[in-house]
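One structure below.
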Amino acid sequence: MDYVSGIWSGFQVVLQPGNFLYCFLGCFIGTLVGVLPGIGPVGAMSILLPTTFGMSPVSAIVMLAGIYYGAMYGGSTTSILVNIPGEAASVVTCLDGYQMAKQGRAGPALGVAAIGSFIGGTFSIVALMLLVFPLAKVALAFGPPEYFCIVFLGMTLIIYLAQGSVLKAIAMILFGMILSTVGVDMVAGAQRFTYGSDTLQDGIGMVPLAMGLFGIAEVLTNIEERTRQDRVLLTTKITHLWPTVTDWKRSLGAIGRGSVLGFFLGILPGGGALIASFLSYAVEKKVSKHPEEFGKGAIEGVAGPETANNAGAGGAFVPLMAMGIPSNVIMAVLLGALMIHGVVPGPTFITTHREIFWGTIASMYIGNIMLLVLNLPLIGLWVQVLKVPYRILMPLILLFCLIGAYSLNNNAVEVLIMIIFGVVGYILRKYEYEEAPLVLAFILGPMLETNFRQSIIISSGHLSIFLTRPICGTAMVLSVLLLISSCFSYYRKAKDRLSQ
Amino acid sequence: MRARELPPILFFLSLGLYVSWASRGIGVGTLYQPGPGLMPYYLGIGLVLLAVGMILRMFLKRSQEEEKVEKRPKAIDYPRIALVVAALVVYSLVIEKVGYIVATLFLLVILFLCAGAKRTSAVIASVLTLLITYFGFTYLGVRFPPGILMVFGLY
């Protein structure tokens with residue numbers, strides 16, 4: 001594959017005025033939702049999905065991808081200045097970023113976060129470009145049994161990498177898969193749990209589900225306190241955004257490690273930017289000569305995680321573009337967007353839809369530069385945005401969710417479905433159940449079922465097909481090992497708790 | 001796991017029981033000749049087993065947990081949440097009959113008031129938001145339901 005001609009054609013696509021504008025819009029909206037606590041990239045992408053119907057597939061994906069990696073950039077601003085993460089992947093940045101800001105070093109913290117994000121983002125784009133082609137070539141030989149086993153391995157990884165309780169993660173996966181069975185069965189054409197509803201015949205929509213669980217539930221969580229604490233914004237002037245030589249010396253290693261770690265963790269199903277940032281922080285603390293400074297304003301504690309979450313954002317595109325398998329919820333929304341535009345990602349995607357693939361890659365290069373400009377010289381603008389009170393934001397977020405759900409198919413039933421899932425999501429949050437495994441299982445469930453049934457037809461009813469093929473066997477053995485490891489870790493934690 | 005965690009577990013238990021029971025009507029088939037109900041059937045059973053396991057674990061650990069002092073939960077403004085949810089549900093039920101403009105205006109006023117805005121500010125903010133979103137999204141190609149405005153010939 002000629003990478004040079006490919007990337008050149010990608011730049012030609014993205015530098016067309018329309019696509020360039022959508023790339024900027026995506027980065028701008030992404031930074032905005034990253035800065036504003038209360039609405040994350042999933043919510044923003046879901047809300048804006050219907051507005052992409054009139055666009056070309058390239059413009060739509062360029063804009064939606066821009067929202068994703070833009071949010072990773074913007075999330076650090078609130079973590080550093082307000083001690084509230086704008087989105088989940090920036091939680092760990094609060095630990096040292098806010099301490100740096102309190103010490104009058106908000107400028108270098110914001111600067112190193114933006115530069116690290118740029119380097120991590122750029123590294124992941126190059127790695128993505130190089131990795132997608134060989135992976136897609138391998139995936140061309142995959143049949144239904146291989147896809148079944150890989151998706152099964154993905155589900156196991158979601159359990160293994162669950163942030164909280166393993167049992168709760170399994171419950172959410174089963175719940176998500178049950179929800180995915182609603183609608184007309186793709187193999188036999190039978191109706192399942194539709195109760196005579198025309199809307200449910202097409203299944204529960206991914207967008208109302210995601211907007212309910214991530215948008216509505218987030219608002220309900222935010223308004224539940226009678227006396228909500230106002231955000232305390234540091235009023236000191238932000239200067240010296242460019243880090244000093246000492247800051248550079250301390251940050252370069254963290255940025256390098258964060259780039260590699262973030263990219264590879266981003267590829268894993270259920271991994272992505274969130275786990276990448278947490279693990280990067282742990283690694284930096286471990287390798288640091290001054291671990292006691294962590295939590296008190298260590299610049300490595302900002303550089304590593306912020307680089308890792310941006311590199312993770314790029315890594316997440318690999319399984320989607322090479323195999324059509326989304327590795328996280330955001331990629332699931334992107335997959336939905338591609339399918340709405342009649343594009344089915346898979347091993348042939350990069351050859352049959354060259355324009356979209358290379359356009360997206362080139363837009364990421366340009367988007368990273370746009371974000372650097374948006375986040376460093378224009379930091380004052382985002383500080384002003386932070387001052388917008390929640391009493392104004394809350395009705396706007398809810399209204400955008402309602403418009404987003406309605407405009408999908410001009411169907412009020414989908415609005416009701418979104419509200420129901422908003423309430424369900426809010427209640428589940430109260431009991432510390434995570435929404436991400438549910439949504440991922442909802443997306444991967446139909447893939448798992450269809451490929452299982454097709455495999456059984458191919459093998460004339462023999463389950464051994466999932467063990468005798470090399471890729472299947474490897475994936476199944478890995479899945480079993482991961483499950484045993486999860487059970488062992490769960491048992492050990494329970495034993496420790498009991499002994500305490 | 002504490003006793004207060006019982007409601008979601010009971011929900012999962014009931015859901016699992018219902019799904020596995022209802023799947024039998026769809027046609028489960030066998031593992032070697034799967035029917036459309038096979039996947040939900042086994043998922044339902046899985047959810048039931050998981051819920052039973054969680055309940056057993058909860059009761060086994062209860063005696064130890066009882067000794068611990070539970071953290072006092074923060075004061076939650078449930079009436080406000082209920083009002084917001086009720087407003088959203090009513091909105092979804094009436095939007096096609098009443099139309100976007102009228103339904104959204106009322107909804108926004110309620111939401112701004114719930115969010116703590118004063119009455120006059122709530123009305124002004126609602127009208128402004130309504131106009132901006134209406135023209136903005138119409139420009140982007142979104143078609144809103146006209147509702148009662150069509151009856152009066154205003155649409």
Side-chain angles (χ1 to χ4, degrees), chain A residues 50-51 53-54 165 167 170-171 174-175 177-178 181 185 187-193 216 219-220 223-227 390-396 398-400 402-403 406-407 410 412-413 415-416 418-419 422-423 426-428 431-433 445 448-449 452-453 456 460-463 494 498, chain B residues 1 4-5 7-8 12 15-16 19 22-23 26-27 31-40 43-44 46-47 50-51 53-54 57 61 64 74-78 80-81 84-85 88-89 91-93 95-96 104 107-108 111-112 114-117 125-126 129 133 137 140-145:
Chain A
T51 66
F53 292 172
S165 159
L167 289 180
I170 297 173
L174 292 173
F175 186 25
M177 286 179 73
I178 285 173
T181 61
D185 166 44
V187 180
Q191 300 220 8
R192 301 190 292 195
F193 312 110
I216 306 276
V219 172
L220 295 179
I223 62 166
E224 68 178 9
E225 288 172 58
R226 273 186 201 99
T227 48
Y390 201 72
R391 66 174 179 275
I392 295 175
L393 282 179
M394 183 273 267
L396 294 182
L398 286 178
L399 183 62
F400 287 150
L402 294 169
I403 294 173
Y406 180 79
S407 57
N410 288 354
V413 180
V415 178
L416 193 61
M418 178 189 70
I419 297 164
V423 176
Y426 169 71
I427 295 168
L428 289 171
Y431 291 99
E432 293 162 13
Y433 285 80
L448 195 81
E449 183 183 7
F452 173 77
R453 287 166 71 178
I456 290 297
S460 313
H462 293 290
L463 288 171
L498 282 173
Chain B
M1 229 170 266
R4 75 167 197 95
E5 300 205 355
F12 287 131
L15 180 75
V19 168
S23 302
I26 303 168
L31 208 55
Y32 305 100
Q33 241 180 346
L38 182 100
M39 187 72 135
L43 288 171
L47 206 52
L50 187 77
M54 285 164 111
R57 184 173 168 269
K61 284 187 69 187
Q64 283 140 357
K74 62 183 177 186
I76 294 173
D77 196 348
Y78 285 118
R80 182 154 69 153
I81 293 173
V84 170
V85 172
L88 293 173
V89 172
Y91 179 82
S92 73
L93 296 175
I95 184 176
E96 286 184 332
T104 308
L107 175 79
L108 281 173
L111 291 180
F112 275 114
C114 282
S126 303
T129 310
T133 53
F137 280 96
L140 287 169
V142 175
R143 285 175 60 84
F144 292 116

Check: Is any side-chain heavy atom of B:S23 closer than 4.5 Å to a side-chain heavy atom of A:F193?
Finding: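 Yes, close enough: below the 4.5 Å cut-off.
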*May I ask you to test the B:L38-A:F452 pair for a side-chain heavy-atom distance under 4.5 Å?*
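Touching, per the 4.5 Å side-chain cut-off.
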Atom group of [X] that falls short of 4.5 Å from chain A, counting heavy atoms:
X: B:V84; answer: side chain
X: B:L15; answer: side chain
X: B:L50; answer: side chain
X: B:T104; answer: side chain

[X] portion near chain B, given a 4.5 angstrom heavy-atom threshold:
X: A:I403; value: side chain
X: A:L399; value: side chain
X: A:L396; value: side chain
X: A:M394; value: side chain
X: A:L398; value: side chain

Could you have a look at A:L416, A:I170, A:V413 and say which one has the most heavy-atom pairs with chain B under 4.5 angstrom?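 Ranked by contacts with chain B, first place is A:L416.
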Only pairs of heavy atoms separated by less than 4.5 Å count here; which of A:L428, A:L402, A:N410 has the most with chain B?
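The residue among A:L428, A:L402, A:N410 with the greatest pair count is A:L402.
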For residues [X] and [Y], report the shortest heavy-atom separation together with the two atoms involved.
X: A:D185; Y: B:P36; answer: OD2-CB, 3.4 Å
X: A:R192; Y: B:P40; answer: NH1-CD, 3.9 Å
X: A:Y433; Y: B:M54; answer: OH-CE, 3.6 Å
X: A:A412; Y: B:E96; answer: N-OE2, 3.5 Å
X: B:G46; Y: A:L174; answer: C-CD1, 3.7 Å
X: A:A171; Y: B:L47; answer: O-CD1, 3.9 Å

| message | The test is side-chain contact (heavy atoms from CB on, under 4.5 Å); show your working for A:T181 and B:V19 and say whether it passes. | response | CA-CA 10 Å; A:T181 61; B:V19 168; 5.8 Å; no
message: Using side-chain contact (heavy atoms from CB on, under 4.5 Å), reason through B:Y32 and A:L463 one step at a time and then give a plain yes or no.
response: CA-CA 8 Å; B:Y32 305 100; A:L463 288 171; 4.2 Å; yes
How many angstroms lie between [atom1] in [X] and [atom2] in [Y], if you round to the nearest 0.5 Å?
X: A:I178; Y: B:F12; atom1: CD1; atom2: CZ; value: 9.0 Å
X: A:I419; Y: B:L88; atom1: CD1; atom2: CG; value: 5.0 Å
X: B:F112; Y: A:I392; atom1: CZ; atom2: CD1; value: 7.0 Å

Query raised in the report: Between B:G116, B:G35, B:G27, which residue shows the highest count of heavy-atom pairs closer than 4.5 Å to chain A?
Result: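 Of the options given, most contacts go to B:G35.
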(message) Tell me which of these, B:A22, B:S92, B:C114, has more heavy-atom pairs under 4.5 Å with chain A than the rest.
(response)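 Of the candidates given, the most pairs with chain A belong to B:S92.
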(Q) With side-chain contact (heavy atoms from CB on, under 4.5 Å) as the criterion, how do B:I95 and A:V415 come out once you've worked through the C-alpha distance, each side chain's angles and the decisive distance to 0.1 Å? (A) CA-CA 10 Å; B:I95 184 176; A:V415 178; 5.7 Å; no
Query raised in the report: Taking the inter-plane angle between the rings of A:F400 and B:F137 on a 0 to 90° scale, is it parallel (under 30°), tilted (30 to 60°) or perpendicular (over 60°)?
Result: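 Tilted, since the angle between the ring planes falls between 30° and 60°.
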(request) Mind running side-chain contact (heavy atoms from CB on, under 4.5 Å) on A:L448 and B:M39 for me, showing each step along the way? (result) CA-CA 10 Å; A:L448 195 81; B:M39 187 72 135; 3.9 Å; yes
